[in-house]
Amino acid sequence: MSSDQQETTTTVDGSGTTTMRATTAATTTTTTFSSQRLRINPNNEHRPESYEDLKLDFPSAVYSSLEKYLPQQILVSTRDDKVKFMTDIMLRHLPHGERSRAQRHSVYRQKIITNYQPLHKELYTLAPMQCFVPSFIKAINESSEKSFRSIISEPSPGVFVFDMLQPSFCEMMLAEVENFEKWVGETKFRIMRPNTMNKYGAVLDDFGLDSMLDKLMESFIRPMTKVFFSDVGGATLDSHHGFVVEYGKDRDLDLGFHVDDSEVTLNVCLGNQFVGGELFFRGTRCERHVNTTTKPDEIYDYSHVPGQAVLHRGRHRHGARATTSGHRVNMLLWCRSSVFRELKSHQKEFSSWCGECFCEKKEEKGRALDALRQKLVKAVSAPQA
Ligand SMILES: O=C(O)CCC(=O)C(=O)O
Ligand SMILES: [Fe+2]
């Protein structure tokens with residue numbers, strides 16, 4: 001739609017706190033090891049522990065890779081002590097503003113988690129058979145491009161659609177969100193909304209669903225993004241922002257044209273009955289080209305179906321049309337890769353996945369070929385001495 005093309009794209013920010021997870025460790029600024037420093041050279045012989053089962057301030061993979069830099073005295077201490085020591089170091093190295101924001105956010109989550117009573121406890125640990133449809137589980141178990149392609153359609157380049165959630169899981173999730181909102185209403189607790197563009201919805205990570213969503217990303221989404229989105233860090237996704245958005249009467253109406261603060265976004269419709277709410281996609285763009293015009297073949301509109309998932313690059317420009325009646329709730333997982341972000345900060349120009357960079361590169365190649373052709377023609381037609 002031309003009206004979409006004229007709009008300026010907004011980068012939606014997930015309140016900036018999402019790589020930090022809830023823990024009490026954030027407030028630990030002095031430990032008995034405070035005088036100890038990291039080693040300059042890693043101890044490559046050391047086999048790091050797994051931290052995946054813990055609620056941590058930073059991605060568990062970061063703890064595992066930092067471990068080989070620990071001084072000997074800490075390396076032989078308990079896992080809890082190692083976590084304290086590493087968290088302390090990482091927090092100290094965050095810029096001041098970010099550190100205090102991380103600590104405030106940690107306290108905020110802790111308050112919710114200690115006071116909110118979950119309705120469906122079983123949602124908080126991922127049980128694949130209860131959560132996913134059999135075709136999805138089968139494809140993930142086989143974990144090959146062929147098995148993924150057998151359940152996925154790609155109606156427009158870079159937009160992948162597949163059946164994912166069981167109806168009973170969607171219902172439980174809807175009930176849990178409703179229960180959380182009821183608690184928020186009764187206690188008058190002021191909650192943070194999922195991002196800068198929504199007035200409604202809730203951050204699932206903030207009320208205890210963070211480790212379940214971590215498992216979802218690591219074991220079920222990353223195998224697919226490794227295949228389909230390796231150019232934007234799909235193989236190295238290591239943190240997420242998980243939330244629900246809500247549209248309809250007394251909720252948000254629509255969502256403007258934007259790009260997400262993610263490398264890859266998983267968007268699954270939980271239900272319920274609604275009219276409208278289509279997602280409109282308008283091509284993938286890097287920061288430099290985010291407001292360039294849409295090409296006709298980049299226009300694609302998708303109608304949400306409960307239980308069905310859409311997977312796309314965060315930089316794929318999109319928005320959601322008005323939900324004109326009923327109530328629509330979608331679960332979103334903005335998946336991020338710290339490795340990709342670090343590499344991108346050193347890369348200045350061409351991005352292979354940007355529609356506009358791609359065209360610029362093609363035109364540049366065309367011009368170089370033309371110049372070469374002209375040079376050759378001149379050389380051949382020049383009179384011989
Ligand atoms: O409403 C939708 O389905 C889209 C939500 C979305 O794009 C977002 O929250 O980033
Ligand atoms: Fe989005």
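Count residues from 1 along the sequence.
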Any chain of hydrophobic side-chain contacts (each under 4.5 Å) joining [X] to [Y]?
| X | Y | result |
| --- | --- | --- |
| Val268 | Ile151 | yes |
| Val305 | Leu311 | no |
| Met172 | Val329 | yes |
| Leu216 | Phe148 | yes |
| Met164 | Ile152 | yes |

Are [X] and [Y] ion-paired here, with the side-chain N under 4.0 Å from a carboxylate O?
| X | Y | value |
| --- | --- | --- |
| Lys84 | Asp88 | no |
| Lys295 | Glu356 | yes |
| Arg193 | Asp252 | no |
| Asp370 | Arg367 | no |
| Glu287 | Lys344 | yes |
| Lys182 | Glu178 | no |
| Glu52 | Lys215 | no |
| Arg341 | Asp261 | yes |
| Arg109 | Asp206 | yes |

Of all the heavy-atom pairs spanning [X] and [Y], show the shortest one and how long it is.
| X | Y | value |
| --- | --- | --- |
| Pro306 | Asn272 | CG-O, 4.1 Å |
| Ile74 | Lys82 | O-CG, 3.5 Å |
| His46 | Pro48 | O-CD, 3.4 Å |
| Pro134 | Gln166 | CD-NE2, 4.2 Å |
| Ser150 | Ser147 | OG-O, 2.6 Å |
| His258 | Leu255 | CE1-CD2, 3.3 Å |

Quick check against the 3.5 Å criterion: does [X] have a side-chain atom that pairs as donor or acceptor with the backbone of [Y]?
| X | Y | value |
| --- | --- | --- |
| Glu263 | Leu237 | no |
| Arg222 | Thr236 | no |
| Ser337 | Phe340 | yes |
| Arg328 | Cys269 | no |
| Glu154 | Gly158 | yes |
| Glu176 | His120 | yes |
| Glu278 | Ser303 | no |

Q: Have a look at Asp260 and tell me which of Arg315, His241, His318, His316 forms a side chain to side chain donor-acceptor pair (under 3.5 Å) with it.
A: His318
Answer whether the closest heavy-atom distance between the side chains of [X] and [Y] falls below 4.5 Å.
| X | Y | answer |
| --- | --- | --- |
| Tyr116 | Val184 | no |
| Asp301 | Arg282 | yes |
| Leu165 | Met173 | no |
| Met331 | Val177 | no |
| Cys335 | Thr225 | no |
| Phe162 | Ser135 | no |
| Phe243 | Asp205 | no |
| Met197 | Val245 | no |

Q.
Please evaluate residues Gln73 and Asp81 with respect to the criterion side chain to side chain contact (heavy atoms under 4.5 Å, CB included), reporting the C-alpha separation (whole Å), side-chain torsions for both, the decisive distance (0.1 Å), and the verdict.
A. CA-CA 11 Å; Gln73 192 193 338; Asp81 279 341; over 6 Å; no
I need the [X] [atom1] to [Y] [atom2] distance, nearest 0.5 Å.
| X | Y | atom1 | atom2 | result |
| --- | --- | --- | --- | --- |
| Arg321 | Thr323 | CZ | OG1 | 11.5 Å |
| Thr284 | Asp231 | OG1 | CG | 9.0 Å |
| Arg149 | Lys146 | CZ | NZ | 13.0 Å |
| Leu253 | Tyr200 | CG | OH | 11.5 Å |
| Thr265 | His312 | OG1 | NE2 | 4.5 Å |
| Thr125 | Leu209 | OG1 | CG | 10.0 Å |

Q: Test Tyr63 against Thr87 for side chain to side chain donor-acceptor pair (under 3.5 Å), laying out the working first.
A: CA-CA 8 Å; Tyr63 287 85; Thr87 304; 2.7 Å; yes
Q.
Walk me through whether Ile191 and Phe207 qualify under side chain to side chain contact (heavy atoms under 4.5 Å, CB included).
A. CA-CA 10 Å; Ile191 56 160; Phe207 63 93; over 6 Å; no
Q | From CA spacing to verdict: ring pair (Phe, Tyr, Trp, His ring centres under 6.0 Å), Tyr247, Phe274 | A | CA-CA 9 Å; Tyr247 303 88; Phe274 57 87; 9.3 Å; no
Q) For Tyr108, does the OH atom sit with more than 12 other heavy atoms under 6.0 Å from it, leaving out its own atoms? A) yes
Q: Classify the angle between the aromatic ring planes of Tyr300 and Tyr302 as parallel (below 30°), tilted (30 to 60°) or perpendicular (above 60°).
A: tilted
Q: Output, in order, the C-alpha distance, side-chain angles, deciding distance and verdict of side chain to side chain donor-acceptor pair (under 3.5 Å) for Glu342 and His346.
A: CA-CA 7 Å; Glu342 182 62 29; His346 297 289; 3.2 Å; yes
Q | Audit row: Tyr51, Met86, side chain to side chain contact (heavy atoms under 4.5 Å, CB included) steps and yes/no | A | CA-CA 12 Å; Tyr51 294 89; Met86 290 190 274; 3.4 Å; yes
Q. Looking at Phe160 versus Phe229, is the centre-to-centre ring distance below 6.0 Å?
A.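 They qualify: ring centres under 6.0 Å apart.
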Q: Please lay out, stage by stage, how Glu298 and Phe281 fare under the test side chain to side chain contact (heavy atoms under 4.5 Å, CB included).
A: CA-CA 7 Å; Glu298 292 178 315; Phe281 287 96; over 6 Å; no
